[in-house]
Each structure stands twice: as C-alpha cells, then as structure tokens.
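Since the structure comes first, as structure tokens, the remarks are kept for the end.
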2 protein chains.
Amino acid sequence: MSMTEEEKTRYELQSYMFKALAHPVRIQLLDRLKTRSWCVCELAVEVGIDKSVASKHLSQLKEAGLIDDEKRGTQVEYRLVAPCVLELANCAVGMVLENRKRKLGLA
Amino acid sequence: MSMTEEEKTRYELQSYMFKALAHPVRIQLLDRLKTRSWCVCELAVEVGIDKSVASKHLSQLKEAGLIDDEKRGTQVEYRLVAPCVLELANCAVGMVLENRKRKLGLA
DNA sequence: TGCAATGTTTCCATTATTAGCAACAAGAGG
DNA sequence: CCTCTTGTTGCTAATAATGGAAACATTGCA
C-alpha cells in the first residue's frame, strides 16, 4: 500500500537471505564449514546427498553471500564468509525452544 | 552420515525458524510490528493482501516464536516478541548487498 | 591423447508454499 | 435473537523448491 520501491527491495533482499538459511541441509553445510574449508564431494558424503544436490545448495548459500569458493585443481573448496550467521542460527533455535517451553508451560 | 539425532533436530529447528523469515510479506509484517501492536485487519490493508493470507503469515510467525497475539473483543492484536530479529534482518540485507558490491567490483 | 576425478547444469517427477475465495467461528451490540 | 465485525480454517489452482539421474565441462595425470 504505502510501500516505496526501496522498502519493497529491502524486504525482498532480507527474505532472500533467510531463504538461503531455510533448509536443514544448508544449515548443516554451514555448520561443517565452521571449522575449515570443504570440497563439494566431501560435503556430499558428509551430509549423505548427491553431489549435484550439494552443489546446488552450496550455490544458493554463495549467492546469498554466506560462503565463498575457490578452485583447487579439479575440486572446489567452499569456506564460510560470515561466521556470525551460525551464532545467529543458534540464537534462532534458542528462541524457538523457549517459545515451545512457554507454550507447554501454559497449556 | 555421522549425524546424531540431536544434531538433526537442531538443524531442523534452525531451518524452521529461518523459514518463517523467508518471505517478503512476513518481513514486512514484522517491520510494522516494530513500532506497536496491530490487528490482523490493519496489517492486511497495510500490506495489501487478503485477511486470510495475513492471518496465515502471522500464524507462521507466531509458531516460530517471533510474535505473540492477544484477543481484544472481535479482533486479535499481534505484537513483536523478539525485536532483535529485525536487527538481524538488517544485518542480513547488509551482507547480501556487500556481497553483490564485491562481485560487481571483481566482474 | 586418453582417462579418471570433480563440479555444474539440465531435465523431470515429486513435494511444499502461496494467494484468494468461501465457509465457518467468536464476540460485540442493537 | 439477529447482525455486523473480525479472524481462522478449508479448499483449489498456480507457483516454487527439492532431489536425483544423466549429460556436460574442467582439470590433473599417466
């Protein structure tokens, strides 16, 4: 309604970012990248999915600016760009759990 | 693969939280709730969507523990529970934009 | 060059998300 | 009781997201 183009863009950018985080596999990938760089094949095995699927998830995380990649021979190493995101994720799970506790307490 | 049940649950909880934030309309709703409480009908008009759609988005945000509601006569007022989420959202958009800038700089 | 290893892209089938309308539920007030 | 207002839920059609297989591209190395 009374929404400027700039506001609209901002809402879309923000949701785009969160969309990248809105999948358990992508969270798990970020969690693995917390300690060191991993190549796609390693991550695929670790998470238990096809390499093509892993590649697509990683691509989405990269588009959102959360990770970055670097070619090393035949393999591509991905690394975490914004480690703060994971603390953010932990904060998130804390919030959900607290909410559930609260609900159970009332009900 | 080497994933415990506890880890799996955590990844799902975290992604569940982010999924609630992964839609421009829900971000906009949170943005409106930043200043004061709003009822569903107000928000629906403000955002320019049907009241049923607004109700469903709000329900999802509530399930994630981001907002809470209270009945007042025939209407339901929603209010923000975790204001920190919005700073988080701003941080997110900053990250994406910075990433794009960086990419444009290189390309 | 030939071949193996690694990633990405394309395609398809399946599932999930979303919007909007209509039906329904709960209160408020005459 | 009747009706108006407000929200929620059920339903359907349209769209988006996902996984996996296969094709393709790139690199390293014998």
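In the text below, chain A, chain B and the rest are named by the order of the sequence lines, each starting its count at 1.
Under the rule for a side-chain hydrogen bond (donor to acceptor under 3.5 Å, both in side chains), A/Ser37 has no partner lying at least two apart in sequence or in another chain. For A/Ser55, there are no side-chain hydrogen bond (donor to acceptor under 3.5 Å, both in side chains) partners, not counting sequence neighbours. The side-chain hydrogen bond (donor to acceptor under 3.5 Å, both in side chains) test applied to A/Arg72 returns A/Glu77, not counting sequence neighbours. Under the side-chain hydrogen bond (donor to acceptor under 3.5 Å, both in side chains) criterion, B/Tyr11 pairs with A/Asp31, A/Arg32, sequence neighbours left out.
A/Lys19 has its NZ atom 9 Å from the P atom of D/dA16, to the nearest Å. One interatomic measurement links the two molecules: CD of B/Gln28 to C1' of C/dT18, which rounds to 16 Å at whole-angstrom precision. We find that CG of B/Leu21 is positioned 15 Å from P of C/dT17, with the value rounded to whole Å. With rounding to whole Å, A/Gln60 atom CD is found 15 Å from C/dT9 atom C1'. Between A/Leu43 atom CG and C/dT8 atom P the separation is 11 Å, expressed in whole Å. Here D/dT6 presents its C1' atom at 18 Å from CD of B/Glu46, a figure rounded to the nearest Å. Between the OH atom of A/Tyr16 and the P atom of D/dA16 there is a distance of 15 Å, rounded to whole Å.
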N/O contacts under 3.5 Å, protein versus nucleotides 7-9 of chain D?
unit_1 : atom_1 : unit_2  : atom_2 : d
D/dG7  : OP1    : B/Val40 : N      : 3.2
D/dG7  : OP1    : B/Val76 : N      : 3.3
D/dG7  : OP2    : B/Cys41 : N      : 2.8
D/dG7  : N7     : B/Lys51 : NZ     : 3.0
D/dG7  : O6     : B/Lys51 : NZ     : 3.3
D/dT8  : OP1    : B/Tyr78 : OH     : 3.1
D/dT8  : OP2    : B/Ser55 : OG     : 2.5
D/dT8  : O5'    : B/Ser55 : OG     : 3.3

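In terms of phosphate contacts, A/His57 brings a side-chain nitrogen or oxygen within less than 4.0 Å of OP1 or OP2 of D/dG19. Here B/Lys71 does not reach the OP1 or OP2 of D/dT6: none of its side-chain N or O atoms lies under 4.0 Å away.
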I'd like a table of donor-acceptor pairs (distance under 3.5 Å, sequence neighbours excluded) in which one partner is a side-chain atom from residues 18-26 of chain A, with atom names and distances.
unit_1  : atom_1 : unit_2  : atom_2 : d
A/His23 : ND1    : A/Val25 : N      : 3.1
A/Arg26 : NE     : A/Ala20 : O      : 2.7
A/Arg26 : NH1    : A/His57 : ND1    : 3.0
A/Arg26 : NH1    : A/Gln60 : OE1    : 3.0
A/Arg26 : NH2    : A/Lys19 : O      : 3.1

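Within the 3.5 Å criterion, the main-chain N or O of A/Thr9 finds no donor-acceptor partner in the side chain of A/Glu12.
Using a 4.0 Å heavy-atom cutoff across all strands shown, A/Arg72 reaches no nucleic acid atom at all.
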